[in-house]
Structure formats: structure tokens, C-alpha cells
Amino acid sequence: MRALFSAWYRRSVNTRSLATAFGLLGLLTLSGRSARGDTLQVGPGKPYPMPCAAFGAAHDGDVIEIDAAGAYAGDVCALSKNGVTVRGVGGRAHIDANGKNAEGKGIWVVSGNDVTIENVELSGAAVPDHNGAGIRAEGTNLTIRNAFFHDDEDGILGGKGELLIEASEFSHNGNCIDPSGCAHNMYISGDVTKFTLRYSYSHFATDGHLLKSRAQTNYILYNRLTGEDGTDSYELSFPNAGTTVVVGNVVEQGQNTGNSVLLDYGSEGASNPKSDLYIVNNTFVNDHATGTFVSVAPGVSTPAVVKNNVFAGPGTVVNQATAVQANNLSGADPLSVNA
């Protein structure tokens with residue numbers, strides 16, 4: 001009897017497991033694209049001739065591959081789907097605004113959540129209010145990787161949730177035409193809870209900053225942020241303070257700067273929940289006649305931590321009397337092989 005019961009139980013369990021498996025398969029089939037994601041190909045001879053056509057056809061979770069061999073000038077639009085990955089293939093896919101804009105905001109207006117954008121080049125963004133962006137970031141959680149933003153009014157503008165930019169370049173963006181403020185190589189909004197910039201190169205901004213971030217938390221890690229021959233203002237600006245970690249960067253202020261401060265912290269009011277600043281293992285170079293390497297606004301009471309940095313050129317290292325300083329080189333030739 002026990003043997004018969006065991007055989008029946010095994011068959012019953014196997015039948016139930018099989019039914020469960022088919023039930024799950026049915027659910028996956030019903031969920032379709034959100035579970036699997038399709039790949040939409042863009043470019044010459046591909047199903048979608050232009051990126052915006054693929055953006056319009058995409059569903060949540062899809063991958064959009066843009067052939068770098070294509071010509072996409074003037075193809076501007078919004079991307080509203082969630083979990084989408086957009087990537088250039090065969091090189092960086094280049095979209096030049098060519099005098100056009102999406103929603104009066106820029107080249108791509110990204111309102112979808114959890115979007116990843118890789119291996120693209122965005123240039124020429126300009127709009128009537130002089131705040132046109134290569135990417136206007138309006139969705140929650142955005143990753144930008146191996147991208148190149150140049151000759152836009154803003155390289156990137158906005159953001160919500162977590163924003164990651166890595167291995168990307170920003171050049172010749174920015175202006176101060178708009179009387180309400182300036183455009184910048186990067187302008188990160190206060191709706192960003194965590195902003196990470198790493199392994200990237202921001203340089204030669206026009207009038208605006210190499211980086212301006214109002215994010216609540218900032219991790220600026222191992223970048224080259226250099227004014228060079230541009231007319232940028234601050235190299236780094238965190239006007240609303242916030243937990244800010246600046247580690248392993250090369251930061252240089254050029255001779256043509258419109259503002260002699262290299263790193264600005266809290267200048268527009270320390271309105272973020274925290275105001276702790278850590279500057280460690282960086283090289284700061286001031287090629288201007290005067291300046292302040294680290295400027296902490298009087299309203300910030302938390303002592304900045306400034307350790308193990310090189311400060312080359314003239315200027316005050318940090319203007320905050322209570323700042324914790326240790327093992328910094330300043331007031332001496334750093335003996336660079338090639339400055």
C-alpha cells in the first residue's frame with residue numbers, strides 16, 4: 001500500500017509541477033515584452049530608418065540599437081518607455097539637432113524610468129529659452145555611458161532618482177545668454193537623490209560650469225574636469241551642498257575663466273538634507289592669476305574634509321576656517337612632467 005501511495009504521490013507532484021510551469025509560462029507569454037524585451041534596429045537597411053521611429057514603436061524593456069553608419073540630423077523626439085536601453089553600434093551614433101528640438105527642450109527628452117543610453121553623440125541642441133539639452137532627463141533613474149555631448153546649450157539637464165554618468169565626454173556646451181541663469185556642460189537637478197560621475201571628461205565649457213549639481217548626494221570619482229582654453233565659470237559647483245564626495249579627479253581652471261573659484265559648495269543656500277564635503281586624492285591646478293580652490297559658503301557649518309590633494313598654482317586652498325586639512329601639497333611646484 002505504501003508503495004502504491006508513493007507512486008501516486010510522485011505522479012501527483014509531477015503533474016502539479018508541470019501545471020505550475022505551464023501556468024508561469026503563460027504568465028510570461030502574457031507579459032510579453034516587459035519580461036523579454038525586443039531589439040529594434042535603426043539605420044540604413046534596418047527596420048527603422050531613424051531613432052525616433054524606433055522610440056515611437058518601442059515597448060517597456062526593449063533595446064534600441066542605432067547603427068553609427070546612419071545619418072540622423074534633425075531627428076529629435078521624446079522617449080517615454082520604461083526600462084529601455086538605447087545604444088549605438090558600430091561606433092557612436094551621432095544625432096545633431098540641426099536646428100530642431102523636441103518639446104522646446106532639446107534633442108532627446110527622456111521621461112521613461114530606468115533608461116540606459118550608451119555609445120551616442122548628441123550635438124547642436126538649442127531652444128528659444130537658451131536651455132536646450134542633448135538629453136533632457138525627466139524620468140527616474142538614468143544611466144549614460146560612453147556618450148559625447150558637444151556644442152549644446154546644456155549637455156545634460158535635469159534628472160530624478162539616481163543618475164549615473166560614466167566614461168563620457170562633455171565639451172563646448174553652455175552659455176549665459178538666458179538672464180535667469182546659465183547653461184552648463186552638465187546641470188543636475190535637485191530631484192536627483194544620488195548622482196555619480198566617474199571616468200569622464202568635461203572640458204572647455206562656454207560661460208557656464210563644467211559641472212553643476214543640485215543633487216542630494218554626489219559622487220565625483222576619477223574624472224578629468226578641465227577648463228583649458230574655455231570661458232567656463234566654476235569647474236565644479238554644488239550650490240545646494242549635499243553629501244558630496246570628490247575623489248581622484250584632475251581639476252584645472254584655465255586662464256580665461258569668468259570665475260576664479262574651482263570648486264563651489266553651498267553658494268545658493270545649503271538646502272539639501274546634509275552638507276558634508278569630502279575632497280580626497282585630487283589634483284587641482286589653477287592657471288588663472290588668482291583664485292580659491294575650494295570655496296565653502298558661510299552658511300555651511302559642517303567642516304569640509306580636504307586631504308591628500310595637490311593644489312598647484314596661486315590661490316587659497318579652502319576658505320572655510322574649520323575645514324579639516326591633512327597631507328595636501330600647496331604653494332610648491334608639484335613637478336608635473338607635462339602640466
Side-chain angles (χ1 to χ4, degrees), residues 163-166 170 184-186 188 192 194-203 205 209-227 232-254 257 259-288 290-332 334 336 339:
L163 173 60
L164 168 64
I165 300 174
E166 62 182 7
F170 296 79
H184 311 281
N185 265 1
M186 287 173 270
I188 312 306
V192 174
K194 178 184 177 183
F195 170 55
T196 302
L197 176 70
R198 61 191 183 194
Y199 324 136
S200 294
Y201 180 25
S202 180
H203 61 115
H209 308 327
L210 298 181
L211 166 63
K212 181 172 185 175
S213 175
R214 300 184 185 275
Q216 298 169 38
T217 304
N218 301 279
Y219 291 95
I220 312 302
L221 310 173
Y222 314 109
N223 304 283
R224 178 177 171 180
L225 305 159
T226 50
D232 66 298
S233 180
Y234 300 128
E235 277 60 53
L236 292 162
S237 178
F238 309 98
N240 302 127
T243 296
T244 300
V245 178
V246 181
V247 173
N249 303 278
V250 174
V251 183
E252 180 259 356
Q253 177 171 252
T257 182
N259 191 320
S260 61
V261 169
L262 281 79
L263 189 152
D264 155 65
Y265 188 77
S267 61
E268 297 180 28
S271 56
N272 276 323
K274 295 184 178 180
S275 56
D276 47 328
L277 173 63
Y278 309 90
I279 303 174
V280 180
N281 293 351
N282 303 280
T283 297
F284 287 83
V285 179
N286 183 19
D287 289 327
H288 193 59
T290 60
T292 301
F293 290 97
V294 179
S295 177
V296 180
V300 176
S301 59
T302 305
V305 176
V306 183
K307 294 184 177 182
N308 303 341
N309 302 282
V310 172
F311 295 99
T316 302
V317 170
V318 55
N319 67 340
Q320 187 189 46
T322 58
V324 178
Q325 302 184 61
N327 303 322
N328 297 303
L329 175 68
S330 64
S336 299

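Reckoned from all heavy atoms, side chains included, excluding hydrogens, waters and symmetry mates.
In this structure, the side chain of N223 engages the main chain of S200 through a donor-acceptor pair within 3.5 Å. Under a 3.5 Å cut-off, the side chain of N282 and the backbone N or O of V250 do not form any donor-acceptor pair.
A270 approaches A241 most closely through the heavy-atom pair CB-CB, 3.8 Å. Closest approach of P334 to V310, counting heavy atoms only: CB-CG1, 3.8 Å. Closest non-hydrogen pair, T257 versus D232, comes out as OG1-O, 2.9 Å. Residues H184 and H209 share a closest heavy-atom pair of ND1-N, 2.7 Å. Among all heavy-atom pairs drawn from L197 and F195, the shortest one is CB-CZ, 3.7 Å. Contact detail for N328 and N309: the closest heavy-atom pair is OD1-N, 2.9 Å.
Between V306 and Q325 there is a side-chain heavy-atom pair separated by less than 4.5 Å. You'll find the side chain of V251 stays beyond 4.5 Å of the side chain of L263, heavy atoms only. With contacts defined as side-chain heavy-atom distances shorter than 4.5 Å, the pair L225/I220 qualifies. Contact check for T217 versus K274: no side-chain heavy atoms found under the 4.5 Å cut-off. Using a 4.5 Å heavy-atom cutoff, the side chains of L211 and S202 are not in contact. Residues N319 and V261 have side chains not in contact (no heavy-atom distance under 4.5 Å, counting atoms from C-beta outward).
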**OP:** Check the pair V294, L277 against side chain to side chain contact (heavy atoms under 4.5 Å, CB included), reporting the backbone distance first and the verdict last.
**Re:** CA-CA 10 Å; V294 179; L277 173 63; 4.2 Å; yes
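For the ring-ring contact (aromatic ring centres under 6.0 Å, His included) condition, no pair includes a residue of residues 263-282, sequence neighbours left out.
Residues forming a ring-ring contact (aromatic ring centres under 6.0 Å, His included) with H203 (at least two apart in sequence, or on another chain): Y201. With sequence neighbours left out, the side chain to side chain contact (heavy atoms under 4.5 Å, CB included) criterion links N240 to R214, E268, S271, N272. Applying the salt bridge (Lys or Arg N to Asp or Glu O under 4.0 Å) test to E252 and every residue at least two apart in sequence or in another chain returns nothing. Residues satisfying the side chain to side chain contact (heavy atoms under 4.5 Å, CB included) test with V280, not counting sequence neighbours, are V247, N308.
Here the straight-line distance linking atom CG of N259 with atom NE2 of H288 works out to 9.0 Å at 0.5 Å rounding. Q253 contributes atom CD, which lies 10.5 Å from atom OH of Y234 (distance to the nearest 0.5 angstrom). Here L164 contributes atom CG and T196 contributes atom OG1; the two are 6.0 Å apart, rounded to the nearest 0.5 Å. Between the CG atom of N286 and the CD atom of E235 there is a distance of 8.5 Å, given to the nearest 0.5 Å. Here the CZ-CZ distance, from F293 to F311, works out to 7.0 Å after rounding to the nearest 0.5 Å. Note that the OG atom of S237 and the CG atom of L262 stand 12.0 Å from one another [nearest 0.5 Å].
Between the side chains of S295 and D264, no donor-acceptor pair of N or O atoms lies under 3.5 Å. Counted by atom type alone, S213 and N218 present one or more donor-acceptor pairs between their side chains at under 3.5 Å.
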Under 3.5 Å, side-chain donor or acceptor atoms of residues 298-305 against the rest of the protein: list the pairs with distances, not counting sequence neighbours.
unit_1: T302; atom_1: OG1; unit_2: S275; atom_2: OG; d: 3.4

